[in-house]
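Structure first, commentary second.
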Amino acid sequence: MKTLVIAEHDNGALKPETSKTINAASKLGFDIDVLIAGTKLGAMSEKAACIEGVTNVLTSDNTLYEHQLAENMAELVLSIADDYTHIVASATTTGKNFMPRVAALLDVAQISEIIEVVDSETFKRPIYAGNAIATVKSLDNKKVITVRASSFDLQNEQSPANISALEAANDVQLSDFVSVEQTESERPELTAAEVVISGGRGMQNGENFALLNGIADKLGAAIGASRAAVDAGFVPNDMQVGQTGKIVAPNLYIAVGISGAIQHLAGMKDSKVIVAINKDPDAPIFQVADYGLVADLFDVLPQLENAL
Amino acid sequence: MKVLVPIKRVIDYNVKARVKADNSDVDLANVKMAMNPFCEIAIEEAIRLKEAGTATEVIAVTIGAKAAQEQLRTALALGADKAIHIETDEKLESLHIAKLLAKLVEQEAPELVILGKQSIDSDNNQTGQMLAALTKRSQGTFASKVDINGNTVSVTREVDGGLQTVALKLPAIVTTDLRLNEPRYASLPNIMKAKRKPLDVIAADSLGVDLTPRVELIKVEEPAKRSGGIIVEDVAQLVEKLKTEAKVI
Ligand SMILES: Cc1cc2nc3c(=O)[nH]c(=O)nc-3n(C[C@H](O)[C@H](O)[C@H](O)COP(=O)(O)OP(=O)(O)OC[C@H]3O[C@@H](n4cnc5c(N)ncnc54)[C@H](O)[C@@H]3O)c2cc1C
Ligand SMILES: Nc1ncnc2c1ncn2[C@@H]1O[C@H](COP(=O)(O)O)[C@@H](O)[C@H]1O
């Protein structure tokens, strides 16, 4: 019994999801190998080797994997899959892209977005936008699992494990990377931030999102949004929190001008403390808020910035 | 080119799912059902390709119980040319669905298959990727833009850090994200016309796919309830509570 974790990174730094996914994998109770595929792996592999529970770091330093395209990533994972009973990655857009491909090539099911490891074959995962939690048992001999990182802690450190290089797999030549439009931000990443402040349709336009900046600066917060705000073009898609956007569970989540649709709640209701600012006292967001402020956001956001 | 669009019948997205008292599953008795929102977007994209002259035929397919024919009729009313119902009363998993779809891809040889990125009931987000693996095709998941040019399709994908564009060799598999398009509504005349469009029924177990369960559903529970909060008077009280009571700032 041995677990393979595929690292999430940006060709330079490991993402916090990697450590949290290793935390989840450690609960399976087996030795863990970590696969890092991409470029500029040096510092990352040293970092991964120091995450508690890791026995081996396998590196595949190849431009073939730089953009983590699913077809070739799946091929690479498949080339070493024989050695493992459990193959685990985080449920980021990267993991969600290549892992089901791995599962199908291995002819096994994938258990998506687990939030708890019950035992090495049994897991809990949210279904129906988090309105129900299913406990499922995998009957396959190999388990392919993606992990909702926000449900697990960062893993402790250890003295460095072994690092070894891996051959690249065949290039399947099905797809090519063309370009990426990266959203640049000085702020913490949504999924890693301790505090998140999100704006919804109530913000009225993109310029008004600036009202959240001062507050976010003072709290060291990441800024998120509802789908309505993304759809209306106020902010880019990668700021969307929800069932079909990012899942966050910060210490403090502040929802501003967001009604609290099921799909939005699915992405933030596991936050420790929730604050809602909305002028409609009947907005469903107040049903999950620890502290609700019924007010016009244009009045209270400047006050809040001053009071912090 | 032929476009195949797998669609799924699911709980209406406005309805909050309730867990059965015996914790065996979610209670779907007398619950409003609809086409999975991501599948509506997939159908819309296929129809737009047809309207643009790129696609020649749009085939909608669903796998499930008889009732799912309602969603196939909707797809036909929206503009699909023909529908296929792979009938089964079993609750199938994404891997089974992908295998059944792979059989259909073999038979129909569509150059493009457009699926939703995720079913809003299982929240699996697997079927398209699995189908791509089984048919050895390229995959463009979470698409917010799809452009066909010759032998390739360029897909802009909604990824965690922004937008990524990939060029896929055709034939390809694409899964839709919310911003790909805004689905139209079916007009009454088109709903009437849809009743006369072809809808073929195939028994799922006639396709030679092993449908043995790979995952056992042990139980389904309500998520932990949040304890009720309070309404604060003003910003001063909010900040005070966050500092001294919640201790999060
Ligand atoms: C398949 C599917 C997936 C989806 N996935 C997601 C998802 O991942 N994330 C997501 O967020 N949504 C998602 N949605 C959309 C979701 O259903 C809602 O439409 C969306 O969350 C609404 O966004 P909102 O709360 O900003 O807008 P609205 O519902 O329009 O709410 C705006 C709120 O702002 C308040 N307001 C207005 N002006 C002011 C003011 N001046 N001061 C204070 N308050 C004010 C109003 O009272 C209202 O409550 C999804 C939908 C579908 C169908
Ligand atoms: N029973 C089904 N019949 C047809 N298509 C399906 C079915 N289940 C899933 N799909 C397709 O696969 C997509 C993703 O579903 P899933 O992997 O279950 O989240 C859906 O949006 C559909 O396009």
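Worth knowing before you read on, the calculation uses all heavy atoms, side chains too, and leaves out hydrogens, waters and symmetry mates. A note on names: the letters A, B, ... follow the listed sequences, proteins ahead of strands, and every chain is numbered from 1.
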Report which part of Q240(A) has an atom under 4.5 Å of a heavy atom belonging to chain B: side chain, backbone, both, or neither. side chain
Go through it in stages, so that I can follow the logic: the residues are Y128(A) and K16(B), the test is side-chain contact (heavy atoms from CB on, under 4.5 Å), and I'd like the CA-CA distance, side-chain angles, deciding distance and then a yes or no. CA-CA 8 Å; Y128(A) 292 86; K16(B) 188 168 176 232; over 6 Å; no
Report which part of E233(B) has an atom under 4.5 Å of a heavy atom belonging to chain A: side chain, backbone, both, or neither. backbone
Just so I know, are the side chains of L163(B) and N237(A) near enough to count as touching, which here means a heavy-atom distance under 4.5 Å? yes
Considering non-hydrogen atoms only, spot the tightest contact between V220(B) and A132(A) and give its length. CG1-CB, 3.7 Å
Supply the atom-to-atom distance L238(B) CG to I254(A) CD1, rounded to the nearest 0.5 angstrom. 7.0 Å
Just so I understand: if I count every heavy-atom pair under 4.5 Å between each of S154(B), S122(B), A167(B), G229(B) and chain A, which residue has the most? A167(B)
Is a side-chain donor or acceptor of Q303(A) paired with a backbone partner of A236(B) at a separation under 3.5 angstrom? no
At a heavy-atom separation under 4.5 Å, does L170(B) approach chain A through its side chain, its backbone, both, or neither? neither
Full working for side-chain contact (heavy atoms from CB on, under 4.5 Å) between Y13(B) and Q263(A): CA-CA 9 Å; Y13(B) 83 97; Q263(A) 295 84 7; 3.2 Å; yes
Looking at K169(B) and Q173(A), would you say the former's side chain and the latter's main chain have a donor-acceptor pair under 3.5 Å? yes
Given a strict heavy-atom distance threshold of 4.5 Å, which part of I274(A) is in contact with chain B: side chain, backbone, both, or neither? both
Could you have a look at D270(A), I127(A), V172(A) and say which one has the most heavy-atom pairs with chain B under 4.5 angstrom? I127(A)
Interface check, chain B: of L174(A), L219(A), D231(A), most non-hydrogen pairs under 4.5 Å belong to L174(A)
Judged by atom type as modelled, is there a donor-acceptor pair below 3.5 Å linking the side chain of Q126(B) to the main-chain atoms of Q110(A)? yes
Donor-acceptor pair, side chain of K246(A) and main chain of D160(B), under 3.5 angstrom: yes
Toward chain A: residues of residues 90-114 of chain B with heavy atoms under 4.5 Å: E93(B), L95(B), K99(B)
Would you say K96(A) and F142(B) make side-chain contact, with heavy atoms under 4.5 Å? yes
Segment of V19(B) engaging chain A (4.5 angstrom heavy-atom cut-off): side chain
Give the interface residues of residues 242-249 of chain B toward chain A, defined by a heavy-atom separation under 4.5 Å. L242(B), K243(B), E245(B), A246(B), V248(B), I249(B)
Side chains of E216(B) and S138(A): closer than 4.5 Å at any heavy-atom pair? no
Can you say whether N23(B) sits under 4.5 Å from chain A via the side chain, the backbone, both, or neither, judging by heavy atoms? neither
Pick whichever of V300(A), N131(A), V118(A) has the most heavy-atom pairs under 4.5 Å with chain B. N131(A)
Side chain, backbone, both or neither: which part of I262(A) has an atom under 4.5 Å from a heavy atom of chain B? side chain
Could you tell me which of D10(A), T183(A), N251(A) has the largest number of non-hydrogen atom pairs under 4.5 Å with chain B? T183(A)
Could you tell me whether the side chain of R179(B) reaches within less than 4.5 Å of the side chain of V230(A), counting heavy atoms only? yes
Begin with the C-alpha distance, continue with both residues' side-chain angles, and end with the deciding distance and a verdict on side-chain contact (heavy atoms from CB on, under 4.5 Å) for K219(B) and I133(A). CA-CA 8 Å; K219(B) 65 176 173 198; I133(A) 307 295; over 6 Å; no
Please determine, among M99(A), R101(A), K137(A), the option with the most heavy-atom pairs under 4.5 Å with chain B. R101(A)
For D123(B) against A129(A), the heavy-atom pair lying closest together: OD2-N, 2.9 Å
Heavy atoms only: give me the nearest P223(B)-G130(A) pair and the separation to one decimal. CG-O, 3.2 Å
With a 4.5 Å cut-off on heavy-atom pairs, point out which of T146(A), N306(A), L252(A), T191(A) contacts chain B the most. L252(A)
If I measure from the heavy atoms of chain A, does F38(B) come under 4.5 Å with its side chain, its backbone, both, or neither? side chain
Chain A contact via V26(B) - side chain, backbone, both or neither, heavy atoms under 4.5 Å: side chain
So does D140(A) get a backbone contact from the side chain of R214(B), meaning a donor-acceptor N/O pair under 3.5 Å? no
So which atom in P100(A) and which in M130(B) form the shortest heavy-atom distance, rounded to 0.1 Å? O-CG, 3.3 Å
Taking side chain as everything from C-beta outward and backbone as N, CA, C, O, which of these in V275(A) sits under 4.5 Å from a heavy atom of chain B? Side chain, backbone, both or neither. side chain
Least distance between heavy atoms, S138(B) atom then E71(A) atom: CA-OE2, 3.4 Å
Sidechain-backbone polar pair: T135(A) side chain, I218(B) backbone, donor-acceptor under 3.5 Å: no
Between A132(B), P213(B), A133(B), A224(B), which has the largest tally of heavy atom pairs under 4.5 Å with chain A? A133(B)
Decide yes or no for Q243(A) and I120(B): does some side-chain heavy atom of the first lie under 4.5 Å from some side-chain heavy atom of the second? yes
Where on R18(B) is there a heavy atom nearer than 4.5 Å to chain A: the side chain, the backbone, both, or neither? neither
Do the non-hydrogen side-chain atoms of N97(A) and Q139(B) ever get within less than 4.5 Å of each other? yes
Considering only heavy atoms from C-beta outward, does the side chain of T165(B) approach that of V180(A) to under 4.5 Å? no
Using a heavy-atom distance cut-off of less than 4.5 Å, which residues of residues 292-299 of chain A contact chain B? G292(A), L293(A), V294(A)
Under a 4.5 Å heavy-atom criterion, the part of residues 143-152 of chain B in contact with chain A comprises none
If you look at every heavy atom in L168(B) and S175(A), which pair is closest and at what distance? CD2-CB, 3.5 Å
Interatomic distance, D290(A) atom CG to I230(B) atom CD1 [nearest 0.5 angstrom]: 9.0 Å
Say whether N124(B) and E113(A), considering side chains only, have a donor N or O and an acceptor N or O under 3.5 Å apart. no
A74(A), part contacting chain B, at a heavy-atom distance under 4.5 Å: neither
Is atom CD of E222(B) surrounded by more than 12 heavy atoms (other residues, nucleotides or ligands) closer than 6.0 Å? yes
Considering only heavy atoms and a distance below 4.5 Å, find which of Q129(B), Q237(B), K225(B), R226(B) pairs most often with chain A. R226(B)
Counting only heavy atoms closer than 4.5 Å, note whether K124(A) contacts chain B via side chain, backbone, both or neither. side chain
In sequence, state the C-alpha distance, the side-chain angles, and the governing distance for L304(A) and V239(B), and then conclude on side-chain contact (heavy atoms from CB on, under 4.5 Å). CA-CA 8 Å; L304(A) 181 58; V239(B) 172; 3.7 Å; yes
Between Q118(B) and T244(A), is there a donor-acceptor pair closer than 3.5 Å when you use the side chain of the first and the backbone of the second? no
Would you mind reporting whether Q164(B) and H67(A) have side-chain heavy atoms less than 4.5 Å apart? yes
Is it the backbone or the side chain of Q182(A) that comes under 4.5 Å from a heavy atom of chain B, or both, or neither? both
